[in-house]
Protein chains: 2
Amino acid sequence: MTVQHRRPPTAQQFVLDELRRAITSGRLRPGAPIRQDVVAEEFGVSRVPLREALKTLQGEGLVTYRAHRGYYVEELSLDDLREVYRIRTLLEEEAVRRAAARVTAADLAALDRAEDEVERAAQAGDVLAMAAANRAFHMALYECAGMPRLVRLIRTLWDATDAYRSIYYGENVNRERVIGEHRAALAALRAGDADEAVRVLDVHRAHAVTALERLMPEPA
Amino acid sequence: MTVQHRRPPTAQQFVLDELRRAITSGRLRPGAPIRQDVVAEEFGVSRVPLREALKTLQGEGLVTYRAHRGYYVEELSLDDLREVYRIRTLLEEEAVRRAAARVTAADLAALDRAEDEVERAAQAGDVLAMAAANRAFHMALYECAGMPRLVRLIRTLWDATDAYRSIYYGENVNRERVIGEHRAALAALRAGDADEAVRVLDVHRAHAVTALERLMPEPA
DNA sequence: AAGTCTAGTATTGGATCCAATATCCGTGAT
DNA sequence: ATCACGGATATTGGATCCAATACTAGACTT
């Protein structure tokens, strides 16, 4: 007996996910004020969990907040996305370098398993599962750096742009490319070649940006 | 007619500041659960603004959260602080480099004024004012990079460790040193020498870490 | 005696209601 | 006509109350 849309355990989680989707999909227009009454009713919750979700989004930079004025949808232009990816590059390079220096055999085995998961999802053509598995793979890799706060930051940046990524995996070509790049990164890591691992993952990331630039609606 | 402690415009802001202090000062011990009832009563507010403040702190990594289990004070060991400073280094280097490439005459004039403010506070021996002015100076510098999201991230990292910094300015030597370093950074920026500006500010930051290592209570 | 189920309690999650603040618009003075 | 002032309204901020969940302890079974 399968549950269709397993709703998260709390309303704030549910609203958080929905809001992210609404913002990154453009349904809530950039710059527009978020009327708590309206949105709360739309999602069928009260304003309390909504406000907690908004606080989280504020931390991620998807909304801005002014006391007694409310929350506003933050602009997420192509330039902003590029900026996010630039920041990710800075942080993830550090993570990969440290990971390369510290990675253990057990870590590598776990990464192999994570990559298997990605490929299984790709084979099945399950876009959602692949996005999730891909994320798990990358985070597992970054975790090897032994810098929990760095990983937390990276994870937040991924959260802020998650909705865009799922578009990316819709295309067959990308799915194959991703797998190749993952394998190359793993090989480099296994060989202890930090520079090569960084290089591969930079390309990996850069390609995602290019794809986004192609897919994003150019600002009017 | 001076207001003693101008309480922030909202209870959540007030609680946020107080909580940060309580956590970074160690009054709320690492790993300890945060009982909302207790803390709310202690600060004289209801649980609603407290929970919003906690969400913000979650974003900053000062507390962790598990649904239906509550918030817990996050460990902030010396290692964690080092990690935060390492991340700051990565992000701020990028900001300074971009700033050096884009800084205008007007920007430089504004930075001069910001630095004047710092020196005025230092002269007056007003530690709190100096911390604030110093922060304003650095942020003004980073703003020149034209990367709002990057600046936002840096600001968040500063927020998470603000309480520690005020200790730093308590010492006379540090106040003088800071001013010298600021001036050197400004000179480098004016000369368009990005590498030098980065170098100076790296030293600047590294010294703050060293001071912290001296002052921090070593974990038992 | 060990483990499991169950009732009770503590704590968080969420809804509703009221208060405080900001915005908007009309009125009046200059 | 323009600006300042003031009240009405919309919206956010916060307090209280109730519901849902997780923890605890004790009784019962084996």
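Quantities reported herein were computed from a predicted structural model and do not represent experimental measurements. Keep in mind that the numbers below use all heavy atoms, side chains included, and drop hydrogens, waters and symmetry copies.
- Taking a cutoff of 4.0 Å between a charged side-chain nitrogen and a carboxylate oxygen, A:D79 and A:R82 qualify as a salt bridge.
- One side chain, A:W158 or A:E92, offers a donor N or O that lies under 3.5 Å from an acceptor on the other.
- The residue among B:G70 and A:V45 whose nearest nucleotide of DNA chain C lies closer to the 5′ end is B:G70.
- Between the side chains of B:T104 and B:D107, at least one donor N or O lies within less than 3.5 Å of an accepting N or O.
- Across residues 49-65 of chain A, A:R51, A:Y65 each have a non-hydrogen atom less than 4.0 Å from an atom of DNA chain D (numbered order).
- Remark: A:R120 engages A:E117 in a salt bridge, criterion side-chain N to carboxylate O under 4.0 Å.
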Response to the item:
A correct 5'-to-3' footprint of nucleotides 17-24 of chain D, with B, S and - meaning base, sugar-phosphate only and no protein heavy atom under 4.0 Å, is ----SSS-

For residues 65-74 of chain B, run the donor-acceptor check on the side chains, cut-off 3.5 Å, and write out each pair with its distance to 0.1 Å, sequence neighbours left out.
{"from": "B:Y71", "atom 1": "OH", "to": "B:K55", "atom 2": "NZ", "distance (Å)": "2.8"}

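- For the 3.5 Å distance criterion, the side chains of B:D80 and B:S77 qualify, holding a donor opposite an acceptor.
- C:dT21 atom P lies 17 Å from atom CZ of A:R66, rounded to whole Å.
- With respect to A:R21 and A:E18, a salt bridge is recorded, a charged nitrogen being found less than 4.0 Å from a carboxylate O.
- Taking atom CZ of B:F14 as the reference point, atom P of D:dG14 lies 12 Å away to the nearest angstrom.
- B:V39 is not listed as a side-chain neighbour of B:L54, based on a closest heavy-atom distance of 4.5 Å or more.
- Within residues 34-44 of chain B, the residues having any heavy atom under 4.0 Å from DNA chain C are, by residue number, B:I34, B:R35, B:Q36.
- Listed pair B:S46 / D:dG14 fails the phosphate criterion, with no side-chain N or O lying under 4.0 Å from OP1 or OP2.
- Side-chain atoms of A:V84 and A:I87, non-hydrogen and from C-beta on, never get closer than 4.5 Å to each other.
- The distance from atom CD of B:Q12 to atom C1' of D:dT12 is 10 Å, rounded to the nearest whole Å.
- With sequence neighbours excluded, no residue forms a side-chain hydrogen bond (donor to acceptor under 3.5 Å, both in side chains) with B:T24.
- Counting heavy atoms from C-beta outward, B:E52 and B:L16 have side chains that stay 4.5 Å or more apart.
- For the side-chain contact (heavy atoms from CB on, under 4.5 Å) with A:R205, the lone residue among A:H138, A:R88, A:R86 that qualifies is A:R88.
- Within the 4.5 Å cutoff, no side-chain heavy atoms of B:L111 are placed close to those of B:H182.
- In the helix from C:dA1-D:dT30 to C:dT30-D:dA1, the rotation axis of the first five pairs and that of the last five pairs differ in direction by 10°, rounded to 10 degrees.
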